J.: 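If you scroll down you'll find the structure; I have some questions about it.
This structure is a prediction, so every number in the text was calculated from the model and none was measured.
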Amino acid sequence: MSRRALLATVLAAALLPWAAPAARAADGPALTVDPSASRHAISPYVYGMNFAAEDLAKELRLPVRRWGGNATTRYNYLYDETNRGSDWYFENVPGPAPDPAALPDGSETDQFAEQDRRTGTDTILTVPLIGWTPKGRDYTCGFSIEKYGPQQKADSEWRPDCGNGVKTDGTNVTGNDPTDTSVPAGPAYVTDWLAHLTGKYGTAADGGVRFYNLDNEPDLWHATHRDVHPKGAGYDEMRDQTYAIASAVKAADPGAKTLGPVGWGFQSLTMSGLDKQTCDVQGGDCWSDPPDRAAHGGTPFAAWYLQQMKAYEKEHGTRILDYFDEHLYPQQSGVALGGAGDAATQELRLRSTRQLWDPTYTDESWINQPIQYIPRMRELVDENYPGTKLAITEYNWGALGHLNGALAEADVLGIFGREGLDLATLWAPPAATDPGAYAFRMYRNYDGAGSAFGDTSVRAASADQDELAVYAAQRSSDEALTLMIVNKSLTDDLTSTVSITGRTGSDPAEVYRYSGADLSSIVHAPDVTVGSDGFTSTFPASSITLVEIPADDGPAASACTVDYKVVSQWGSGFTAQVTVANTGTSPVSGWTLGFAFAADQRVTNGWSAAWAQDGANVTARNLSWNAAIPPGAKVQIGFNGASTGTNPPPSAFTLNGTPCKT
């Protein structure tokens, strides 16, 4: 997505200030929470952004930040130069290096990584698969009017010779020379770039750049970068280029994680760029039986791509794809990347989040079918390349400058955690004062003192999720149960009962709320009393409410012991083995182990569990094959870690929120 589009989005949002309609009271749907059910770790990486400003990233303790978008497809770190493609007249544009003579030191990507180091944020950088990179630090462009003739539009303000590549008769300029702006870039270029990055910042295991996107929306190259890639990227090109570039990344930094194929949206699951380009011209039956797919056994693109990545690992013994990454922009009219719109659009925006998970929701756009995006992505992985994680590195539900967009964003973040997505980065970031930023604060810093939504998702349900959405998670640091409740009604305050399974006592719970009553802060509302049967509360129209319920003193759900051993150690790295034993009389069915490091250690990769880390807090979630621990049985898991010198063992462990003996 272009920065120009981002600017238009921000300006549109700014023109639609929030004006709260008069609210009326209504009976709300019943909410139910079961802290013992559907437990799994929430990856902190779902709370990421593209290009977040440093002050906001620091405040949110932003877990991951992405340097991506159309311009990053063609970037040369040696000159700190991008080509903006169709976003801006196919022009080469120098980056913000303060001292060009010192390049590659001080480039845009150096500055990006250094900001992330200051805020404790993991970095995603985009590496090129397109095969081209800018040839120098200059202002050349792909479609010179002097060279290729008159065109419909030109950069009249800055570089009048740079056209948009469309002739005055409406046809595209063809046959242009890619070397007008660019030089070939392949695995050697990526190897050299990563040598620069690891030389300055260390490897991924030592705190360097942790993630690499395998380009950006390659299925649109024939439009966004048609000056150098006029033909759509087909199945074979995507396989071959991924093999070449991803293997170069892994050779240069074995601990780095890769994300691909980074398609633009829902259609990317089924079609290559070549098929999209072909069917845009042919239309008709082409869309149901595109030729590139037919030439590959009729297998939809994403399934075929994952199969090829699995085949590479089987042949070479190296996993070169760690995250299955696709973008998602809602296609409903007026929703993504825009202002709030009228009441009907606002209601559509809040309703459309169901496309992320709900098999009963038919997408209200040209797609006109259930999408169920995250479960669909998971099914593709499970069937074609098990063990690959799921990422959405661009998404945007619009209206981030308006309360309606904040409600949608809070709903989306709750869905990401509940559905077990592994990584997500919002395109593009809200300003720190925008309502959209407060949606993130509700999950990452709701009290202004660093308190966050829980890191272990538990079962939560609403009798009407479209009206009053609820998400629940337990926090491993203090075992508090946190509830996120989003009232999507534009006009109705909703009074609902919240039933919580398994509680035995009565405790005051703190309440924090963001609403139209005060768009500049999260308000610490009066406490509610949570008894053994839960509580009843009123949730204002168009509001986001966080309820922090202290740990219950009722009976423990399980009995367990944990044996933690450092089995080897070297320099700044170590290997640990963790054995969890069920010492109770009831079987454990599904488990999450929690602990906290005491000396800035970090899990770099692990096995026999799904590992996640947020600050010092670590969680390990069962895999499908070791979810059950019968009474008297044990499960053994392990990980490689990085330390800064001292490496004391964790002092306490929990299993499904219950303390274990050590």
J.: Is any side-chain heavy atom of P631 closer than 4.5 Å to one of P587?
T.: yes
J.: Decide yes or no for L56 and L62: does some side-chain heavy atom of the first lie under 4.5 Å from some side-chain heavy atom of the second?
T.: no
J.: Is there side-chain contact between E114 and K200, with heavy atoms separated by less than 4.5 Å?
T.: yes
J.: Between W611 and T619, is any side-chain donor less than 3.5 angstrom from a side-chain acceptor?
T.: no
J.: Less than 3.5 Å apart, any donor N or O on the side chain of D122 or Y45 sitting next to an acceptor on the other?
T.: yes
J.: For the pair D206 and R602, find out whether any cationic side-chain nitrogen is under 4.0 Å from an anionic carboxylate oxygen.
T.: no
J.: Mind checking the CD1-CG spacing from I42 to L421? Nearest 0.5 Å is all I need.
T.: 11.5 Å
J.: Hey, could you give me the CD/CG distance between E394 and L328, rounded to the nearest 0.5 Å?
T.: 11.0 Å
J.: Donor-acceptor pair, distance only, cut-off 3.5 Å: does the side chain of H40 make one with the backbone of R418?
T.: yes
J.: Does a side chain donor of either S532 or R503 reach within less than 3.5 Å of an acceptor in the other side chain?
T.: no
J.: For the residue pair E510 and Y512, confirm or rule out a side-chain donor-acceptor distance under 3.5 Å.
T.: yes
J.: My understanding is that only one of T561, I629, L655, V635 makes a side chain to side chain contact (heavy atoms under 4.5 Å, CB included) with N582; could you say which?
T.: I629
J.: Would you compute the distance between atom CG of L390 and atom CE of M377 and round it to the nearest 0.5 angstrom?
T.: 5.0 Å
J.: If we ignore angles and hydrogens, is there a donor and acceptor under 3.5 Å between the side chains of T658 and N656?
T.: no
J.: Ignoring hydrogens and angles, tell me if any N or O in the side chain of E313 forms a donor-acceptor pair with the backbone of T318 under 3.5 Å.
T.: no
J.: Do the two ring centres, one from F595 and one from F597, sit under 6.0 Å apart?
T.: yes
J.: I need the N487 CG to S496 OG distance, nearest 0.5 Å.
T.: 8.0 Å
J.: Could you please spell out the steps behind the side chain to side chain donor-acceptor pair (under 3.5 Å) verdict for R39 and T456?
T.: CA-CA 6 Å; R39 297 179 64 90; T456 298; 4.6 Å; no
J.: Give the intermediate values and the outcome of ring-ring contact (aromatic ring centres under 6.0 Å, His included) for residues Y471 and F416.
T.: CA-CA 10 Å; Y471 307 95; F416 286 168; over 10 Å; no
J.: So, does Q613 use its side chain to make a donor-acceptor pair with the main chain of G615 at under 3.5 Å?
T.: yes
J.: Just by distance, no angles: are the side chains of S643 and N647 close enough, under 3.5 Å, to form a donor-acceptor pair?
T.: no
J.: Any side-chain heavy atom of L259 within less than 4.5 Å of one from F211?
T.: yes
J.: Among N213, T258, T425, which one satisfies side chain to side chain donor-acceptor pair (under 3.5 Å) with D325?
T.: N213
J.: Could you tell me whether the side chain of F574 reaches within less than 4.5 Å of the side chain of S568, counting heavy atoms only?
T.: no
J.: Is D507 close to T529 at the side-chain level, that is, under 4.5 Å between some pair of heavy atoms?
T.: no
J.: Using modelled atom types and a 3.5 Å cut-off, is there a donor and acceptor pairing between side-chain atoms of N626 and backbone atoms of L623?
T.: yes
J.: Determine whether a donor-acceptor pair (N or O, by modelled atom type, separation under 3.5 Å) exists between the side chain of D434 and the backbone of G436.
T.: no
J.: Nearest 0.5 Å, please: how far is CZ in R376 from CG in L356?
T.: 12.5 Å
J.: Are the side chain of T604 and the backbone of N640 linked by a donor-acceptor contact shorter than 3.5 Å?
T.: yes
J.: Do T123 and D116 get their side chains close enough for a donor-acceptor pair, meaning under 3.5 Å?
T.: yes
J.: Just wondering, do Q372 and Q355 contact through their side chains at under 4.5 Å, heavy atoms?
T.: no
J.: Kindly compute the distance separating CD1 (I522) from CE (M442), expressed to the nearest 0.5 Å.
T.: 5.5 Å
J.: Given T575 and F639, is the side-chain contact (heavy atoms from CB on, under 4.5 Å) satisfied, shown in steps?
T.: CA-CA 6 Å; T575 299; F639 66 90; over 6 Å; no
J.: Let me see the working for L214 and L321 under side-chain contact (heavy atoms from CB on, under 4.5 Å), right down to the final yes or no.
T.: CA-CA 9 Å; L214 300 172; L321 181 74; 4.2 Å; yes
J.: Any donor and acceptor pair, going by atom type alone, linking the side chain of N50 with main-chain N or O of T393 inside 3.5 Å?
T.: yes
J.: Just by distance, do the side chain of N445 and the backbone of G448 share a donor-acceptor pair under 3.5 Å?
T.: yes
J.: Under 6.0 Å between the ring centres of Y446 and F440?
T.: no
J.: Taking NZ, NE, NH1 and NH2 as the nitrogens, is one of them in R354 or D466 under 4.0 Å from a carboxylate oxygen of the other?
T.: yes
J.: Begin from the C-alpha positions of T501 and T32 and carry the test side-chain contact (heavy atoms from CB on, under 4.5 Å) through to its verdict.
T.: CA-CA 8 Å; T501 301; T32 57; over 6 Å; no
J.: Can you confirm if the NZ or CZ of R66 lies within 45° of the ring axis of F112 and under 6.0 Å from the centre of its six-membered ring?
T.: no
J.: Could you tell me how the ring of Y373 sits relative to the ring of F266: parallel (under 30°), tilted (30 to 60°) or perpendicular (over 60°)?
T.: tilted
J.: Between the side chains of D455 and R475, is the shortest nitrogen-to-carboxylate-oxygen separation below 4.0 Å, so that they form an ion pair?
T.: no
J.: Begin from the C-alpha positions of R513 and F539 and carry the test side-chain contact (heavy atoms from CB on, under 4.5 Å) through to its verdict.
T.: CA-CA 9 Å; R513 179 168 291 131; F539 304 96; 4.1 Å; yes
J.: I'd like to know if the side chain of Q474 reaches the main chain of L481, judged simply by a donor and an acceptor atom lying under 3.5 Å from each other, with no hydrogens or angles considered.
T.: no
J.: Looking only at atom types and distance, does a side-chain atom of S462 sit under 3.5 Å from a main-chain N or O of V470, one as donor and one as acceptor?
T.: no
J.: Verify the ring-centre separation between Y47 and F453: is it less than 6.0 angstrom?
T.: no
J.: Could you check whether R441 pairs with E59 (Lys NZ or Arg NE/NH1/NH2 to Asp/Glu carboxylate O, under 4.0 Å)?
T.: yes
J.: So, do V511 and D527 sit near enough that their side-chain heavy atoms are less than 4.5 Å apart?
T.: no
J.: So does D422 pair up with R378, basic N to acidic O under 4.0 Å?
T.: no
